[in-house]
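Shown next, in structure tokens, is the structure this report addresses.
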2 protein chains.
Amino acid sequence: MNTPLATQVSERLREDLLTRSLLPGQQIVQEALAERYGVSRVPLREALKELEAEGLVIHEPHRGYFVTELNAAEMAEVYSIRALLEADAIRRACKRLSDADLAHIDELRRAFEGALLHADLETIASANRAFHFAIFDACGLPRLVRLLRTLWDATDAYRSLYFQDSGTHEHICAEHLAHMEALTRRDAEGAVETQRLHRERSVLIVSSSL
Amino acid sequence: MNTPLATQVSERLREDLLTRSLLPGQQIVQEALAERYGVSRVPLREALKELEAEGLVIHEPHRGYFVTELNAAEMAEVYSIRALLEADAIRRACKRLSDADLAHIDELRRAFEGALLHADLETIASANRAFHFAIFDACGLPRLVRLLRTLWDATDAYRSLYFQDSGTHEHICAEHLAHMEALTRRDAEGAVETQRLHRERSVLIVSSSL
DNA sequence: AATGGAACGATTGGATCCAATATACACGAT
DNA sequence: ATCGTGTATATTGGATCCAATCGTTCCATT
């Protein structure tokens, strides 16, 4: 393979965090995990350093890496930073969205709806991301998008249940649709608001599990 | 020493980036740098992965790490994200600043003025940070502060000249003082504005070097 | 002279090995 | 019985060594 192991391992780690194969608070025993991944400890440690910089794990010298636990306040903090950055990204995106962009985004929206019906958690989550980040991407600020990605990652471990309850499926789809419509109207403030509602409802569900 | 080498190395790297001992665009040859730091390549590589996650260096598989180069647009992006986050941090901080906090911050402000007169670049830069981040810290959102820190780091390599020109010293001190006064009045919007002016002038100077 | 390609050298990527540190447990003193 | 002390073990941290990859140079061919 061309891509370094450390990169693959960091992907795999994110996956395991999302699917709660690694639980918040849990210690990451390097040797055990390295063996499970079929690699040595070196690339694993590099991957862990990367995730540490993103706040997904914390490192205590000579004690080890632990999956970050978020309390209610920290969860709220992540979401409030998201609120700021997403609002900005959406305002900028609205000014730049081409019709082709919109068509593409709506495609992703429908793909997500499809995934909701008959796909596993990971596929659903990734389809959801694809939809939202196609919008963020249009803001034209790659660094901002990267920050948003790490913020989304930070709460991933707690979001698994968000897509579980099928009662929320309709809510989500309705919110996505409303968001889509605001974007189509190039209604920046409207889109900021639909995204806000969408996010607030998700934080409510996610927080309930704490 | 108690703290791991990888941590020390990442500190040292930031230092070398700030002081332009490592220049934007330059490749980082691991073995050479490891030897210069007196460590092996392993902790160096971990440190580099950390800095990569913060955007200070970029990694090209099988080619190596390179010090990130910012063009004008990317520089503007960093500063516009800073604008968003700093405004929020300051608003929150204003509501929470105790008199003791203010006294402490003003102390740091005076310490910075002292450093300007008779200290090297690195000391000045760190005194400046101490002042601004004492304010940010008061917002009570540690993650937000951490994000701000990495954003400041991202442009550090280009800021060295900011403190060089002694003509700007008075400007900086005046701006700090105005900021301080707004904070003392607990005038959130005023403080946001003084910080904005301060930042805009700095981006102007820094951008002129591109 | 220009282009394609093979071999070499330099550098990165990964694994194994050894050292340092922290935690747990047993033991003894008060 | 409780607290402190020392030892043992598991785990992390770091260095060395080997393998894989990339870039360059040199040569052959057109």
Side-chain angles (χ1 to χ4, degrees), chain A residues 1-17 20-69 146 150 157, chain B residues 1-17 20-69 146 150 157:
Chain A
M1 181 63 82
N2 200 345
T3 96
L5 278 186
T7 311
Q8 300 177 40
V9 168
S10 95
E11 282 313 307
R12 177 72 190 278
L13 273 169
R14 284 175 221 278
E15 213 178 287
D16 283 354
L17 289 171
R20 300 182 76 80
S21 173
L22 294 170
L23 294 169
Q26 177 182 346
Q27 172 161 15
I28 293 174
V29 181
Q30 297 176 10
E31 184 140 23
L33 199 60
E35 189 180 9
R36 194 170 115 198
Y37 290 172
V39 300
S40 92
R41 281 175 49 215
V42 174
L44 173 60
R45 275 163 59 182
E46 290 185 50
L48 285 169
K49 261 280 172 288
E50 181 184 330
L51 297 213
E52 189 199 3
E54 297 174 5
L56 274 69
V57 300
I58 60 173
H59 176 75
E60 300 186 24
H62 294 113
R63 292 200 53 234
Y65 288 90
F66 299 80
V67 181
T68 323
E69 282 184 287
R146 227 178 82 182
T150 75
Chain B
M1 182 64 80
N2 201 344
T3 94
L5 278 187
T7 312
Q8 300 178 39
V9 168
S10 95
E11 282 314 307
R12 177 71 189 280
L13 273 170
R14 284 175 221 278
E15 216 177 285
D16 283 354
L17 290 172
R20 301 182 76 81
S21 173
L22 294 171
L23 293 170
Q26 177 181 347
Q27 171 161 15
I28 293 174
V29 181
Q30 297 177 10
E31 184 139 21
L33 199 60
E35 188 180 11
R36 193 170 115 198
Y37 290 172
V39 300
S40 91
R41 280 175 50 215
V42 174
L44 174 60
R45 274 163 59 182
E46 291 185 47
L48 286 169
K49 261 278 174 287
E50 181 184 331
L51 297 213
E52 188 199 3
E54 297 174 6
L56 274 69
V57 300
I58 61 172
H59 178 73
E60 299 186 23
H62 295 113
R63 292 201 51 233
Y65 288 90
F66 299 81
V67 180
T68 330
E69 283 184 287
R146 228 179 78 184
T150 75

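Each chain gets a letter, A, B and so on, in the order its sequence line appears, and its residues count up from 1. Note that these values count all heavy atoms, side chains included, but never hydrogens, waters or copies made by symmetry.
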note = Between CD of A/E35 and C1' of C/dT16 the distance, given in whole Å, is 15 Å
ask   = Could you state the NE2-C1' distance from A/H59 to D/dT11, rounded to the nearest angstrom?
value = 12 Å
ask   = For A/R63 and C/dA24, what is the distance between atoms CZ and C1' respectively, to the nearest whole Å?
value = 13 Å
request  = Start with the C-alpha distance between B/R14 and B/E11, add both sets of side-chain angles, then the distance that settles salt bridge (charged side-chain N to carboxylate O under 4.0 Å, His left out), and finish with yes or no.
outcome  = CA-CA 5 Å; B/R14 284 175 221 278; B/E11 282 314 307; 3.8 Å; yes
query = Do the side chain of B/R41 and the base of C/dG13 come within less than 3.5 angstrom through a donor-acceptor pair of N or O atoms?
reply = yes
query = In whole Å, what is the span from the CD atom of B/E46 to the C1' atom of D/dG14?
reply = 9 Å
task = Consider the side chain of B/L5, meaning its heavy atoms from C-beta on, and name the nucleotide among C/dT16, C/dG13, D/dG14 that approaches it most closely.
result = D/dG14
message = Under 4.0 Å, counting only non-hydrogen atoms across every strand here, what does A/I28 touch: a base, just sugar-phosphate, or nothing?
response = sugar-phosphate
request  = Round to the nearest Å and state the distance from A/K49 atom NZ to D/dG13 atom C1'.
outcome  = 10 Å
query = Taking CD from A/E31 and P from C/dC17, how many angstroms apart are they, rounded to a whole number?
reply = 11 Å
task = Drop me the distance from B/T150's OG1 to B/L51's CG, to the nearest 0.5 angstrom.
result = 11.0 Å
Interatomic spacing from OG1 in A/T3 to NE2 in B/H62 - rounded to 0.5 Å = 8.5 Å
query = How many angstroms lie between atom CD1 of B/I28 and atom CZ of B/F66, to the nearest 0.5 angstrom?
reply = 9.0 Å
task = Report the nucleotide, chosen from D/dC22, D/dA15, C/dT11, that has the shortest atom-to-atom distance to any side-chain atom of B/Q27.
result = C/dT11
inquiry  = The side chain of A/Q30 is closest to which nucleotide in this list: C/dT11, D/dT12, D/dA15?
reply    = D/dT12
query = Any ion pair linking B/E46 and B/K49 (charged N to carboxylate O, less than 4.0 Å)?
reply = no
task = Rounded to the nearest angstrom, tell me the gap between atom CG in A/L33 and atom C1' in D/dT12.
result = 14 Å
request  = Give the nucleotide from the list C/dT11, C/dG14, D/dC22 with an atom nearest to the side chain of A/N2.
outcome  = D/dC22
remark   = note: B/R45, atom CZ; C/dT12, atom C1'; distance rounded to Å ~ 7 Å
